[in-house]
Number of protein chains: 2
Amino acid sequence: MDKKYTIKDIAKMAGVSKGTVDRVLHNRGKVSPAALDKINEVLNVIDYEPNLIARNLKNTKIYRICVLLPDPEIDSYWLPCINGIQEAITEFKAYGVVIETHYFNPESKKSFLSTNQTIIKQSPDAVLIAPLFHKETLEIVKQYDELEIIVNTFNNQIESESIKSFVGQDLYKSGRVAASLMSLILTEGQIAIIHIDESLKNAVHMQEKEKGFRNYFDEKKIADFSLTTLKLKHPNVETKFSAFLEENSNLKGIFITTSKAYQIAAILSSLKDKKIALIGYDLVEKNVNFLNQGLVHFLIHQNQTRQAYLGVSTLAEHFLFRKDIPETILLPIDIINVENASFYVS
Amino acid sequence: MDKKYTIKDIAKMAGVSKGTVDRVLHNRGKVSPAALDKINEVLNVIDYEPNLIARNLKNTKIYRICVLLPDPEIDSYWLPCINGIQEAITEFKAYGVVIETHYFNPESKKSFLSTNQTIIKQSPDAVLIAPLFHKETLEIVKQYDELEIIVNTFNNQIESESIKSFVGQDLYKSGRVAASLMSLILTEGQIAIIHIDESLKNAVHMQEKEKGFRNYFDEKKIADFSLTTLKLKHPNVETKFSAFLEENSNLKGIFITTSKAYQIAAILSSLKDKKIALIGYDLVEKNVNFLNQGLVHFLIHQNQTRQAYLGVSTLAEHFLFRKDIPETILLPIDIINVENASFYVS
DNA sequence: TTAAATAGTGTGTTCGAGCACATTTTTATT
DNA sequence: AATAAAAATGTGCTCGAACACACTATTTAA
């Protein structure tokens with residue numbers, strides 16, 4: 001019933017040689033109608049699926065996949081990606097898939113462009129990139145397209161005909177999730193939406209989250225809340241935020257659209273009397289620490305590990321097993337609090 | 001650097017034949033100290049990893065894995081497992097792994113035992129079972145052990161030396177997660193912990209969740225809450241619960257320890273004025289409907305699909321790639337509300 | 001000293017798909 | 001009818017690990 005049929009089996013059943021069966025299976029032509037009929041008849045009865053192991057054994061071609069992401073030493077947000085990539089390396093090594101990771105400086109468009117040139121020199125079969133810069137990405141994607149190199153993206157979504165796939169999260173909806181949690185903690189008062197980033201590369205990213213967050217409160221028509229947006233940048237996060245705090249004594253909640261919630265939590269921890277609800281992103285160590293201390297109430301898990309893994313593995317499986325590359329893979333928006341955090345940190 | 005070495009490569013480098021290399025790699029003896037030294041020298045320099053594809057191609061052995069779980073037609077809780085198992089079937093079919101699913105009647109210990117006998121007759125290499133009945137499980141596990149059939153379990157944890165692995169959730173902690181969410185929705189009042197089940201097979205299951213739930217409130221020392229436990233069983237869920245509602249007018253929240261939250265939600269939906277917080281388990285369709293209607297506030301996702309998939313895949317990978325079977329795999333306790341539910345329902 | 005036993009080594013085959021190439025059969029052309 | 005051309009079909013090798021088996025060299029027992 002579930003017997004595994006081989007080409008040889010089919011050949012015997014149809015009374016032809018395996019070469020003829022092979023030609024039929026691959027539409028290589030040079031087959032008489034009589035033989036074609038006989039073989040098709042057999043194929044209709046049995047359920048033939050080629051043995052992928054044997055197929056890949058013969059295949060001596062080495063598939064090259066390059067991954068391009070910001071240097072995790074500059075922005076630790078990207079650190080988990082390494083694990084996801086490593087996982088894929090281990091899994092597909094045996095099949096002759098070589099995966100190379102390249103880093104660029106997230107502060108520098110030039111670095112992004114030049115690293116892409118380095119990758120092109122490697123002439124990979126596919127690339128997976130974190131497209132931080134919109135215009136520059138479109139530029140280099142065109143180059144990859146001309147060289148027939150498949151381009152996948154993750155984390156940041158960019159629209160382009162030449163991009164085969166995107167792995168990431170629905171940021172708008174994740175903003176809504178944050179808002180739904182915030183409205184559970186608070187009943188009224190002022191809520192600040194804070195964008196903290198070393199540089200402002202992630203503008204679109206953060207705005208989508210803000211839109212979703214605001215939309216939730218708009219929709220619910222809860223007039224008891226007032227929402228304020230605040231942008232903070234590296235050297236003067238503390239001074240600016242402290243000033244903001246003093247000016248807004250009715251502040252009850254903060255939604256931080258990046259993984260830097262710990263910076264705000266650190267400042268709040270020194271103010272004993274303040275009870276402010278904090279919701280942020282990502283299970284970076286410092287965030288989890290503040291979660292355990294009770295200063296951060298919820299974190300939304302963006303699961304970069306899995307983003308990177310899926311980005312690479314869909315490519316590898318495309319080459320090896322001829323699987324389709326899904327256009328978009330949206331990862332679930334995991335809600336993390338102090339009680340379930342330990343199950344998500346790998 | 002990342003070159004893939006074959007046995008032939010090693011043989012050439014060490015100046016011996018591939019047969020000798022093979023004997024060294026598998027400790028099959030019959031190798032002179034001189035040859036051993038030469039080969040070990042080469043092995044220390046290069047990083048040899050056998051090609052798993054080639055290894056499994058030769059291996060014509062068919063591995064049999066039987067999965068035993070309650071009939072999803074009797075209890076739809078188990079329905080998602082089928083998808084997880086199907087996924088594993090597809091993935092490992094090419095490697096000669098045959099996976100068979102067997103159902104038993106969750107109401108009947110006799111059915112559990114007899115289905116196990118049917119499985120034993122198939123003489124599988126391993127089984128994955130949902131051990132609903134404690135005593136009976138220990139009994140049949142002993143039989144499997146004598147026949148050298150590997151036993152894995154999922155969903156329900158049972159302690160036994162002969163059980164190699166468990167895939168599931170930390171139920172105690174999931175109770176705590178539920179409590180943490182409940183204490184966010186409510187500030188005071190009475191909370192009911194309701195155990196609903198067709199039969200009372202899952203006693204331990206439900207109790208663990210209750211313990212965690214209660215422990216959270218005990219720990220937080222919030223005196224404003226009072227917790228009551230209620231057990232409901234099939235024919236008279238509605239009547240009993242209605243009576244309970246009338247007697248307890250201060251009821252503010254309900255924690256349902258099984259996947260039957262929709263039964264309570266349905267009753268509550270007819271009572272317009274009541275505003276009761278509802279937290280339950282599992283993304284069964286009816287639960288998600290009430291989540292979308294706003295009658296259920298949170299669901300905890302037990303991810304049976306993945307439980308079943310992992311239970312089988314660890315076994316398959318053990319046979320095929322000689323991977324270790326992890327003793328316990330605890331799946332994350334996913335928190336679901338109306339905003340992120342769509343990403344979890346497959 | 002010779003036969004038998006054992007240690008050590010190498011060769012050859014298998015798994016299934018895929019493809020190059022050799023061989024046979026059919027059709028077209030003069 | 002003879003020959004060339006084209007079409008159809010079959011054979012045989014490859015990939016890498018695994019293992020059976022054959023073979024040589026050395027040791028042991030009679």
Side-chain angles (χ1 to χ4, degrees), chain A residues 2-40 42-43 46-63 92-98 319-322, chain B residues 2-40 42-43 46-63 92-98 319-322:
Chain A
D2 234 13
K3 184 185 176 337
K4 286 197 313 179
Y5 292 95
T6 71
I7 286 189
K8 229 165 133 187
D9 292 328
I10 299 171
K12 199 187 286 176
M13 284 189 265
V16 295
S17 75
K18 70 195 181 91
T20 308
V21 176
D22 182 72
R23 273 180 289 266
V24 171
L25 288 172
H26 294 86
N27 289 317
R28 271 198 255 279
K30 313 241 171 185
V31 175
S32 69
L36 186 73
D37 282 351
K38 280 190 292 181
I39 293 168
N40 273 332
V42 174
L43 287 177
I46 65 151
D47 188 23
Y48 173 70
E49 285 204 20
N51 185 325
L52 298 178
I53 305 167
R55 172 184 286 170
N56 283 302
L57 176 63
K58 180 62 203 296
N59 201 1
T60 48
K61 163 145 182 62
I62 285 174
Y63 296 100
F92 295 109
K93 193 179 164 187
Y95 294 89
V97 177
V98 174
F319 291 131
L320 297 174
F321 310 129
R322 309 180 185 189
Chain B
D2 235 12
K3 183 183 176 339
K4 287 196 313 179
Y5 292 94
T6 70
I7 285 189
K8 228 165 135 188
D9 292 329
I10 299 171
K12 199 187 283 174
M13 284 189 264
V16 295
S17 76
K18 69 196 178 90
T20 308
V21 176
D22 182 72
R23 274 181 288 268
V24 172
L25 288 171
H26 294 84
N27 290 317
R28 270 198 256 277
K30 315 241 172 186
V31 175
S32 69
L36 187 74
D37 283 351
K38 280 190 292 183
I39 293 168
N40 273 331
V42 174
L43 287 176
I46 65 153
D47 188 23
Y48 173 71
E49 285 203 20
N51 185 324
L52 298 179
I53 304 166
R55 173 183 286 171
N56 284 302
L57 177 62
K58 182 61 205 299
N59 201 0
T60 47
K61 163 145 181 60
I62 286 175
Y63 295 100
F92 296 108
K93 193 178 164 188
Y95 294 88
V97 177
V98 174
F319 291 130
L320 297 174
F321 310 129
R322 307 179 187 191

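The sequence lines fix the lettering, A, B, ..., with proteins before strands; numbering per chain opens at 1.
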Kindly indicate whether the side chain of K4(B) and the base of dG16(D) share any N or O donor-acceptor pair separated by less than 3.5 Å?
-> no
Check: T6(B) main-chain N/O paired with D9(B) side-chain donor or acceptor under 3.5 Å = yes
Side-chain N,O (S17(B)) to OP1/OP2 (dT9(C)) below 4.0 Å | no
Below 4.0 angstrom from OP1 or OP2 of dG8(C), is there any side-chain N or O of T20(B)?
-> no
Please state how far atom CG in N51(A) lies from atom C1' in dG18(C), giving the value in whole angstrom units.
-> 13 Å
In whole angstroms, how far is the C1' atom of dA17(D) from the CD atom of E49(B)?
-> 14 Å
Using a cut-off of strictly less than 4.0 Å, decide whether Y48(B) has a side-chain nitrogen or oxygen near OP1 or OP2 of dA17(D).
-> yes
Could a donor-acceptor pair under 3.5 angstrom be found where the side chain of K58(B) meets the base of dG16(D)?
-> no
Tell me what D22(A) touches on the nucleic acid: a base, only sugar-phosphate, or nothing, going by heavy atoms under 4.0 Å.
-> base
Given side chains that start at C-beta, do those of L43(B) and L25(B) come closer than 4.5 Å, heavy atoms only?
-> yes
Between dG10(D) (C1') and K12(A) (NZ): distance, integer Å | 16 Å
What's the spacing between Y48(B) OH and I7(B) CD1 if we round to 0.5 Å?
-> 4.0 Å
Would you mind reading off the distance between K93(A) atom NZ and dG16(D) atom P, rounded to a whole angstrom?
-> 15 Å
Take the protein atom CG of N56(B) and the nucleotide atom C1' of dG16(D), then report the distance between them rounded to whole Å.
-> 12 Å
Can you label the angle between the F319(A) ring and the Y63(A) ring as parallel, tilted or perpendicular, going by 30° and 60°?
-> parallel
Approximate separation, where rounding is to 0.5 Å, of I62(B) CD1 and K4(A) NZ = 6.5 Å
Atom pair distance, as rounded to whole Å: NZ in K30(B) and P in dT24(D) | 17 Å
Under 4.0 Å between any heavy atoms, over every strand shown, what does R28(A) touch: base, sugar-phosphate, or nothing? Just pick one.
-> sugar-phosphate
If you take atom types as modelled and just measure distance, does the side chain of R23(B) reach the base of dG10(C) with a donor-acceptor pair under 3.5 Å?
-> yes
Just checking L57(B): base, sugar-phosphate only, or nothing, at a heavy-atom cut-off of under 4.0 Å?
-> base
Taking CD1 from I7(A) and C1' from dT11(D), how many angstroms apart are they, rounded to a whole number?
-> 15 Å
Rounded to whole Å, the CD1-C1' distance (I10(A) to dG18(C)) equals 14 Å
What's the closest nucleotide to the T6(B) side chain, out of dA7(C), dG16(D), dG18(C)?
-> dG16(D)
